[in-house]
There are 2 protein chains.
Amino acid sequence: MARAGVTAERLTQAAAELADEVGFENVTVSALARRFGVTDPSLYSHIKNAQDLRMRLAALALTELADRVAAALAGRAGKDALAAFAGAYRDYAKEHPGRYAAAQIELDPESAAAGPARRHAEMTRAILRAYELQEPDQTDAVRLLHSTFHGYVSLERAGGFSHHPRDADASWSRALDALDSVLRNWPPADV
Amino acid sequence: MARAGVTAERLTQAAAELADEVGFENVTVSALARRFGVTDPSLYSHIKNAQDLRMRLAALALTELADRVAAALAGRAGKDALAAFAGAYRDYAKEHPGRYAAAQIELDPESAAAGPARRHAEMTRAILRAYELQEPDQTDAVRLLHSTFHGYVSLERAGGFSHHPRDADASWSRALDALDSVLRNWPPADV
DNA sequence: CTCGCTTACCTAGAGGTATTAAGTATTTGC
DNA sequence: GCAAATACTTAATACCTCTAGGTAAGCGAG
């Protein structure tokens with residue numbers, strides 16, 4: 001009996017493909033073992049448990065997403081950078097819905113802060129450079145941007161915009177206009 | 001053997017309590033049956049299947065959330081209304097994390113459009129009345145508001161803001177300032 | 001009041017997933 | 001070419017979902 005050559009990396013990669021095909025919630029240890037032609041318990045030599053698998057998948061997705069955003073951001077500033085970040089973010093979610101869903105799970109504090117999550121925060125701060133915001137406004141703006149991007153993509157994916165004729169792309173574009181406007185003219189507290 | 005008096009309504013209510021206690025993903029038919037002191041199959045007289053139960057729970061949560069928001073919105077306009085809506089929304093998510101998670105699942109198009117989902121859209125439009133936006137700007141603004149609220153609450157619940165000293169309440173307050181500012185001065189397309 | 005219908009609930013069981021324990025086979029390093 | 005490490009196996013437990021078929025409790029009509 002030849003070995004299947006399973007490693008944690010190949011498992012995570014396969015889990016990512018599976019997630020995009022059947023949805024994150026249907027990524028199971030069993031389905032993954034089936035895909036590799038081995039029995040379920042075989043996978044426990046490589047992963048701790050199902051939760052560990054999901055966290056590895058989340059880390060993969062966050063890293064891929066950060067790579068995309070970083071590439072899109074290169075050489076841009078101001079609204080250009082804002083649109084590039086947002087576009088890369090939204091496109092990734094559309095192309096890889098399962099991975100995007102995985103990226104939303106709460107990963108344990110240590111690995112989250114250490115790993116890819118901090119890259120996202122740093123890149124969002126990079127966008128803001130051109131807008132010249134000082135702390136704590138910068139942190140507030142990072143949170144606002146992240147919330148809007150994630151919220152929009154999240155609602156769009158859940159079908160929240162599909163029952164209305166207005167094009168989701170158009171609304172997205174206007175949302176970016178609005179964010180740019182608010183960043184250029186960041187309001188003082190309690191207007 | 002006395003009857004337990006299970007009905008679809010009591011099941012849904014219990015499922016909501018269970019969701020807040022153990023998380024939406026841990027709301028199972030078995031756990032619910034246990035809570036009512038009956039066997040698992042007994043519940044299938046009242047609900048179609050596990051998915052049906054989740055959808056009833058989602059509908060309950062959406063209705064409760066809409067009720068809260070409607071109450072908060074009464075007699076307010078402009079930024080006052082904006083803050084009231086946002087506060088009710090965020091508070092509900094904090095008090096009832098399981099129900100809030102349930103409210104995010106994709107329910108089938110018919111029941112979604114017919115039921116509570118449309119109430120949310122209508123109330124968000126009510127906020128905008130004072131800002132006097134015309135279509136399609138109004139739809140774009142509705143989507144922006146919803147995205148921001150949902151995104152912020154979602155990231156906050158996932159612990160996205162916990163690794164930074166800046167208070168999540170303060171950032172939230174500034175986000176509302178920013179949204180108010182952008183609504184009062186809605187930018188034309190492609191600034 | 002009791003007969004019979006409806007409905008709530010049960011037992012039995014099949015099928016899927018997660019996980020541990022303990023064993024066999026395969027590869028690798030010396 | 002052997003020993004140690006590791007990949008993978010079967011076996012078994014536990015939980016969850018759901019169907020089929022049966023029992024019993026409550027209710028309306030005679």
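- We find that CD of B/E25 is positioned 16 Å from C1' of D/dC15, with the value rounded to whole Å.
- Taking side-chain N and O atoms only, B/S30 has a distance below 4.0 Å to OP1 or OP2 of D/dT17.
- For the pair B/R99 and B/F24, the cation-pi criterion (under 6.0 Å, within 45° of the ring axis) is not fulfilled.
- Here the P atom of nucleotide C/dC9 and the CZ atom of B/F36 are 10 Å apart, to the nearest Å.
- Between B/S42 and C/dC10 there is a side-chain polar atom (N or O) within less than 4.0 angstrom of OP1 or OP2.
- Ionic pairing of A/D52 and A/K48 is not present here: no N-O contact between side-chain nitrogen and carboxylate oxygen is shorter than 4.0 angstrom.
- Per the geometry, CG belonging to A/D52 stands 14 Å off C1' belonging to C/dA18, to the nearest Å.
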Full working for ring pair (Phe, Tyr, Trp, His ring centres under 6.0 Å) between B/Y92 and B/H96 = CA-CA 6 Å; B/Y92 185 79; B/H96 299 294; 5.1 Å; yes
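- No continuous path of hydrophobic side-chain contacts links B/Y100 to B/L60 [ILVMFWY only; heavy atoms under 4.5 Å].
- Comparing D/dT17, C/dT11, C/dT19 by their closest approach to the side chain of A/N49 singles out C/dT19.
- The CG-C1' distance, from B/L11 to D/dT17, rounds to 15 Å in whole Å.
- Here the side chain of A/D40 is nearest to one of C/dT11, D/dC8, C/dT19, namely C/dT19.
- Taking 4.0 angstrom as the limit, B/T39 places a side-chain polar atom (N or O) nearer than this to OP1 or OP2 of C/dC10.
- Counting to the nearest Å, the C1' atom of D/dC18 and the NZ atom of B/K48 are 12 Å from each other.
- Side-chain atoms of B/T28 lie closest to D/dT17 of the nucleotides D/dT17, C/dC10, C/dT19.
- Residue B/S45 places none of its side-chain N or O atoms closer than 4.0 Å to OP1 or OP2 of C/dT7.
- Put simply, B/R34 has a side-chain N or O that comes within less than 4.0 Å of OP1 or OP2 on D/dC16.
- Both tests pass for B/R143 against the ring of A/F161: distance under 6.0 Å to the centre and angle within 45° of the axis.
- For A/H46, the listed nucleotide lying nearest its side chain is D/dA7; candidates were C/dC9, D/dA7, D/dA11.
- In this structure, CG of A/L18 is placed 11 Å from P of C/dT17, rounded to the nearest angstrom.
- Rounded to whole angstrom, the span from the CG atom of A/L32 across to the P atom of C/dA18 amounts to 10 Å.
- Closest to the side chain of B/Y44, out of C/dT20, D/dT19, C/dT11, is D/dT19.
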